[in-house]
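Written out below as C-alpha cells is the structure these notes cover.
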Amino acid sequence: MNFGEGLTPEAIAFGLFTLLTLGGAFGVVTTRNLVRGAIWLIVSLFGIAGFFVLLSAPFLASVQVLVYIGAIGILFSFAVMLTRGMTNLKERFNSQWWLAALAAVIAFMLLMVGVIIPVFGNTGAPVSDQVQTTVDLGVALVSGNQYVLPFEVASLLLTAAMIGAIVIAREDD
Amino acid sequence: MEILNQWAFIGIFFVLAPILPAVPIILAGVISPKKPNAIKQSTYECGVETVGDTWVQFKMQYYLYGLIFLIFDVEMVFLFPWALAYKQLDFAAFLAGLLFIFLLSDALVYAWRKKVLEWV
Amino acid sequence: MQCDNIINTLAPCLVQSGWNGDLANFISIFLGVVLVATFPLLVTIGLIWFERKFAARIQDRMGPNRVGPFGLLQPFADVIKLLGKENITPAGADKVIYNIAPPLMVMSVLLIWAVIPLTPIHVGMDLEIGALYFVSVASFGTLAVIFASWSSNNKYALLGAFRVVAQLISYEIPLAFALLVPVLLAGSMSLVDITNAQAGMWFVFMAPLSALLFFVSSQAETGRGPFDLLEAESELVAGFNIEYSGMKFALFFAGEFMHVFTNGVLMAVLFTGGYIGIGGIENSIPLLGLVFLLLKAFVWYLLALLVRNALPRVRIDQLMNFNWKFLVPVSIVNLVMMAFLFKVVQELGLAPAPGLENDFVANIPQTLVLFAGNVVLGLLILSVVRQNFRRERLEESAKSAIVPVGAGD
Amino acid sequence: MGVPLWMYLTVAAALFSIGMYGVLARRNAVAVLMGIELMLNAVNLNLIAFWRYQTPFNMSGQAFAAFVLVVAAAEVAVGLAIIIAVYRNRQSVEVEDVDMLKG
C-alpha cells in the first residue's frame, strides 16, 4: 500500500507509535498524579508493542501487552493505591532536576553520536526478509547449545524475585 | 509486507473496537436529559456523606497476589514458545521444561508455606 | 475474477472497476473489521434476551414477555430506555478515564473476535500468535476495572475493584496453563491451525482436564456465578461500577454478556473443533462451518449459564483458595503430565503417521493414552481433595467440640 | 521496509533519555521505578530493531529481549515491594527522605 510520496502505511504506523511511546513517556515523567502516571506508562509501553509488530516480532508484542499492560501496569496501580498521597504530588522533581535534564540531554547526544550517526541516513532494508518465528524461539530456548541455561536461570531469577518480594512486603515479622 | 497486511486488520480493529461501544454513549449523551445537581453528583455511600479521603489504605494481600501473578505471567513468555516447539523437540525438551516449571513451583510452594495465599 | 465472496475478493473487484489499489485494499480490510466486530455485538443483543428467559425459567419465573412475541423485543426496548437515561458523572471523578473505562471493557472482549476462525475460509485474521493474542487483549478488561473504580472516586468502587482485579488476575494463571495444552498438542498458536489439528479428534477427548480447567477459569474471568463477586450486590453494593449509570453502566454489562459467549466460542475453537462438522461438509459449504461453530459455542454457553444459575456464590477467601491451592497446582501438574504423555506417545510411535493426522482411526491410540492419563490424574486429584476435606472436617469438629455455641463467630 | 533502522534507534534513544530524566529528577520512588521501566523498554526496542535489521536469521535478539523482560519484571516486583515496605515504616515514598542508613 502506498498512499503518497514516501508516506507508506508503515510510516504512518511508525509515526503513531512514536507519538504513543514518547508522549506516554513524557506523561510518566511529568505527571503530578501517579495513577495517571501508571496509565501513561501503559500507553508508552503499548507503543513499544506496536514497534515490535512493525519489526516482525509479533510474539514479543503480544508478550509486551500481556506482561506490561496486564501485569506490571496493574502492579504499579496497586502500589500507588497502597501508598497514600500519590495523586497530587506537590513537588514533582527534586532540587537537581535541571542537572538531571542536562544529563538526559547529554545521554541523548551521546547515543546519537555513538550509535545512530554511524547508521544515519542509511535507508537500507533489513538484511533479510526471512524472519525467525516463535517456533524457532522455542527451539532455541531449550537447545543445549543455545539458551537452555539462561532459560533455567530466568526461572530461578523469577523464583528468587518472588520470594524476595514476599519477604520484603509481608506485613508481619 | 505480508505481515503488515495481516496486522493492518488488527490495527484497524484496535481503532474501531473502542469506537463501536462509544457510539451509544455519545448517542445517549446527545439524547438524554442533563440536569446535574450537587446531590445527584455526590459520591454514592448509602445515603450518608462521604467521610475522609477515598484513599483508604488497602491490604498488602492484594499486592502479593499481583506479585505472584506477575511472576507466573512472565513465565508464560517462555512456556508458550516451549509448548509451540514441543512437537519437534526431543525428550530433553521435556526435561528442560520440567525443570523450568519445577523451579517456579518452588516459589508457589514457598508462598503457600508462608501463608501468603491465606486470605485474611 | 469472480466477485462473490465479499471479504476475500472485494479488493481485486474494486481494482477491476478502476479504484486505487491501496485504497481498495484499505476499504476491504475496513469492511472486514466492521463485519467481524459488529457480529458479536448483534449476537449479544439476542443473548441478553435468551439469558434472561433462561434464568427466569430456572427460577420459575416468566422472564421478559411483554415487548414483542415472547418478549423478543425486550433488549431493543432496553436500549431505547437506556439511551434516554441521564448520565450522572459523580463530582470529583476523573472525567476522561471515567469515560474511557466502559468502551475499554467492551473492546477487550471484541478484540478476541479478530482471531477467531469463523468458517474454513473466513477468519478475521489468522495470527501466528492467536492464542497468546486473546490472553493479552483480555488484560484490557482488568485495566478497565481499575480505570472505572479509580476514576469514580468512591470507596466502594475501589474496594470492589481490588477484589475483582485480584480475582481476574488470579484466574488468568490456570487459564493460561490450560491454554498451553491445545497449543502443545497442535504445535501452533494460530487458532486456525488449532482448529484444523482437531479434524481427526477433538482435543476435549485428548485433554478433558484442560478443557475443564479452561472452562472453570474462563467462567471466573467473566465474573459470572459462582464467581460473581464482581457484582456481589449484598456485600459490595455492585462493586467497581457503582458510580456508573445509564448507557455506560449498560456497556459493562454488554461486555460481560459478550464475554460469556466469547468464552463459549473459545472453548469450541480450542477444544471441540471449532467450525469442523461432520464428514468435512463445512469445506464445501463454508457457511455451515459458522453454524457448527455457533452451535458448539452455544452448548458451552448453555453450560456456563447452568453453572451460573445453579450454584451459590462463593466467598472471597474460598474463591482465592480454590484458585491458588487447587486450580493453579492442578493446571501445572496437568501441563507436565500432558507434555510427558505426548512425548511418550510420540516416542512409542502411537501418534498418527504423517499425512494421517486428520484421520479419526489413526488418532485413536494417541487419544486413548492421553485420555487414560487424564482419568488417572483426575482420580488422583479427587482422592487428595477427599482426604483434605476429611482432615478439615475432623479439625472442625474437634474445634467445635471445645468452643461452646455462640462463643466465637 | 519503509522505515530505516536509524529512526527506530532515535526513538529508542529519546525514550531512554526521557526515562533517565525521570529516574534522576523525580522525587517519588514509584515514579523513579517507572522511569527505569522506560529505560529497559528502550533497550528492548534497540535489541529488536538491531535483530530485525542485522541478524533476523538467528534468535539472539528475541531471546535477549525476553530475558530483559524477565529482569524488568523481577525488578518491578522487588522494587515495588521495597517501596511499600519503606512506606509502611516511614509513611513516605520520597527518595530523599529515605535515609535510614545515614548516621
Side-chain angles (χ1 to χ4, degrees), chain B residues 5-10 12-14 16-22 24-25 27-29 31-36 38 40-46 50 54 56 58-59 61-62 65-66 68-69 72-73 76 79-80 83-88 91 93-94 97-98 101 105 108 111-112 117-119, chain C residues 29-30 32-34 37-38 41 82-92 99 102-104 106-107 110-111 114 124-125 127 132 153-156 158 162 166 169-170 172-173 176 180 183-184 187-189 237 242-243 246-248 251 316-317 320-321 324-325 328 332 336 339-340 343 347:
Chain B
N5 246 332
Q6 233 190 22
W7 283 87
F9 184 89
I10 301 293
I12 297 172
F13 215 115
F14 260 89
L16 208 71
I19 293 178
L20 279 180
I25 291 187
L27 245 159
I31 296 173
S32 64
K34 277 179 271 305
K35 289 181 191 127
K40 217 186 263 178
Q41 284 184 302
S42 63
T43 303
Y44 175 80
E45 195 132 359
C46 299
T50 308
T54 309
V56 290
F58 293 100
K59 277 195 299 183
Q61 193 76 33
Y62 295 110
Y65 280 122
I68 305 172
F69 166 70
F72 274 92
D73 222 26
M76 288 302 148
L79 280 183
F80 266 98
L84 197 58
Y86 193 71
K87 229 176 187 171
Q88 34 182 292
F91 198 74
F94 169 72
L98 184 67
I101 294 173
S105 311
L108 189 68
W112 197 331
L117 304 178
E118 227 71 45
W119 187 272
Chain C
I29 294 178
F30 186 80
V33 172
V34 171
T38 42
L41 290 172
L82 284 166
L83 280 177
K85 280 211 146 192
E86 183 176 357
N87 276 317
I88 302 167
T89 310
N99 286 315
L104 195 65
V106 179
M107 172 186 168
L110 213 51
L111 281 173
M125 197 43 68
L127 285 189
L132 197 57
N153 190 30
N154 183 312
K155 277 179 206 156
Y156 288 122
L158 214 50
F162 266 97
I169 60 177
S170 299
E172 218 171 295
I173 295 168
L180 278 168
V183 170
L184 192 139
S188 169
M189 280 198 279
V237 282
I242 182 170
E243 290 286 5
M247 208 61 195
K248 291 174 197 164
L251 277 182
I316 179 97
D317 60 324
M320 296 314 252
N321 280 346
W324 290 105
K325 299 185 175 173
V328 171
I332 292 175
V336 171
F340 178 71
K343 207 42 34 176
E347 301 281 320

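Quick note on labels: first sequence line is chain A, next is B, and so on, each numbered from 1. Values in this document were obtained by computation on a predicted structure and should not be read as measured data.
- For chain C, the nearby part of Leu98(B) is the side chain; its heavy atoms alone come within less than 4.5 Å.
- The contact between Leu16(B) and chain C is made entirely by side chain atoms (from C-beta outward), counting heavy-atom distances below 4.5 Å.
- Of the listed residues (Leu111(C), Val336(C), Leu41(C)), the one with the most heavy-atom contacts under 4.5 Å to chain B is Leu111(C).
- In this structure, chain B has no heavy atom under 4.5 Å from any part of Leu104(C).
- Heavy atoms of Asn321(C) lying under 4.5 Å from chain B belong exclusively to its side chain.
- Taking a 6.0 Å sphere around CZ of Phe30(C), one finds it holds 12 or fewer heavy atoms contributed by other residues, nucleotides or ligands.
- For Ile12(B), the parts sitting under 4.5 Å from any heavy atom of chain C are the backbone and the side chain alike.
- With Leu20(B) as the partner, the side chain to side chain contact (heavy atoms under 4.5 Å, CB included) test is satisfied by one option alone out of Leu110(C), Val34(C), Val33(C): Leu110(C).
- Note: Ser32(B) OG to Leu83(C) CG = 8.5 Å, rounded to the nearest 0.5 Å.
- Residues Trp324(C) and Ile68(B) meet the side-chain proximity criterion, which asks for heavy atoms closer than 4.5 Å.
- When each of Val106(C), Ile332(C), Leu251(C) is checked for heavy-atom pairs under 4.5 Å with chain B, Leu251(C) comes out on top.
- Contact of Ile101(B) with chain C is made through the side chain alone, with heavy-atom distances under 4.5 Å.
- The backbone N or O of Ile88(C) sits nowhere less than 3.5 Å from a side-chain atom of Lys34(B) that would complete a donor-acceptor pair.
- In terms of non-hydrogen atom pairs under 4.5 Å with chain B, the most contact-rich of Ser170(C), Gly246(C), Pro90(C), Ala166(C) is Pro90(C).
- Nearest heavy-atom pair, Phe14(B) versus Met107(C), reported as atom, atom and distance to 0.1 Å: CD2-CE, 3.6 Å.
- Most heavy-atom pairs under 4.5 Å with chain B: of the set Gly187(C), Ala114(C), Pro102(C), this distinction falls to Ala114(C).
- Separating the CD1 atom in Ile173(C) from the CE atom in Met76(B) is a distance of 7.5 Å, to the nearest 0.5 Å.
- Interface residue Leu84(B): backbone and side-chain heavy atoms are both found under 4.5 Å from chain C.
- Contacts between Tyr65(B) and chain C at a heavy-atom distance below 4.5 Å involve backbone atoms as well as side-chain atoms.
- Of the listed residues Asp317(C), Leu180(C), Leu132(C), the one with more heavy-atom pairs under 4.5 angstrom with chain B than any other is Leu180(C).
- Between chain C and the options Ala93(B), Ala22(B), Pro33(B), heavy-atom pairs under 4.5 Å are most frequent for Pro33(B).
- Heavy-atom pairs under 4.5 Å with chain C peak, among Ile25(B), Ile31(B), Leu108(B), at Ile25(B).
- Val328(C) touches chain B through its side chain: at least one heavy atom from C-beta onward sits under 4.5 Å away, while N, CA, C and O do not.
- When all heavy atoms of Pro103(C) and Pro18(B) are compared, the closest pair comes out as CB-O, 3.7 Å.
- The side-chain heavy atoms of Glu172(C) and Phe72(B), taken from C-beta on, include no pair separated by under 4.5 Å.
- Interface remark: of the candidates Lys248(C), Met247(C), Glu86(C), Met189(C), Glu86(C) forms the most heavy-atom pairs closer than 4.5 Å to chain B.
- Open room surrounds NZ on Lys85(C); 12 or fewer heavy atoms of other groups in view lie less than 6.0 Å from it.
- Expressed to the nearest 0.5 Å, how far CD1 of Ile316(C) lies from CD of Gln61(B) amounts to 10.0 Å.
- For Phe94(B), the part lying under 4.5 angstrom from a heavy atom of chain C is the side chain only.
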